[in-house]
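Have a look at the structure below before the remarks.
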Amino acid sequence: MKEKIYTIPVTDAFRNDCECPLCVLEKKLEDDYIEYMLGPSLMEPDCRMITNEKGFCRRHFEQLYNKQLNRLGLGLIIDTHMQEQIKKLREAYEKKAQLIKKEMGLSLIKNISNKVANKASEAEKFAHELAASLSTLERSCAVCSKLEYTMDRYIDVTIYLWFKEEEFKKLFTNKGFCLMHFKMLLEGAVKYISGKDRAVFIEALINLQLSNLERIQEEVAWFTKKFDYRYNDAPWGNSRDALPRSIEKLAGYCNLK
Ligand SMILES: [Zn+2]
Ligand SMILES: [Zn+2]
């Protein structure tokens, strides 16, 4: 039996009538993690080590700041994260400083012969290495990695419940998922089930997803038709909020005004 701490929130989320129940789950987790970062995590040295190393992505820095929950706490997190990143940058530079300085005094002849030999200069190699490590930092985020871990548990539980509980299977067959969570379910099917079960699940999932993508695309199409005076008196149907729903279907939950 899968742990109840995972099965209960999953079942609750699937009771929502929405474009993606996994977005409901992830949004709730994200809010909890942001509050955790600005509160209890500050007392945990292990957590500070993680935030020093990973920092946050743009989305989560924005949420941490806009939450206006704990300015001092956020300041402390940023202070030590910056110290660690500056130290890393300085060390990387100091390792190559001599070589770069030497290159600064390179003669014209040497410059040309390096170019002909297609030899990467030290400054060029240094810039590439540094850019690569900055790209890694850009992609790393203490909140995203916690989210990824727990969402993976939830995906596992979702697939488990789909096979085990008839009631859950009915809840599952609602409006499909956003593309991001559709992808996670496909990856989960490869990771957590095999053989006949995998084929059965993927077949059900793709049919559910396709019919719901077509449904929402038609709702958006109707939304655009309503701008034509000839359709002035035609009923809106479900299309009034088709725009935000279709964006969330494509991109996952967002902070649309
Ligand atoms: Zn989603
Ligand atoms: Zn993030």
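Here the structure is a predicted model, which is why all the values come from computation and not from measurement. All values below come from the heavy atoms of this structure, side chains included, with hydrogens, waters and symmetry mates left out. All ligand and atom numbering here is 1-based and tracks the order in the structure.
One side chain, Y65 or R71, offers a donor N or O that lies under 3.5 Å from an acceptor on the other.
Figure legend: cation-pi geometry between K226 and Y231 absent, as NZ or CZ is not positioned both under 6.0 Å from the six-membered ring centre and within 45° of its axis. Within the cation-pi definition used here (under 6.0 Å to the ring centroid, within 45° of the axis), K183 does not qualify as a partner of F177.
Rounded to 10°, the angle formed at the Zn ion (ligand 2) by C144 SG and H60 ND1 is 110°. The angle subtended at the Zn ion (ligand 1) by SG of C20 and SG of C23 is 110°, given to the nearest 10°. Rounded to 10 degrees, the SG-metal-SG angle spanning C57 and C141 at the Zn ion (ligand 2) equals 110°.
Atoms CZ and NZ, on F126 and K95 in that order, are 10.5 Å from each other to the nearest 0.5 Å.
Within H181, the N, O or S atom at minimum distance from the Zn ion (ligand 1) carries the name ND1.
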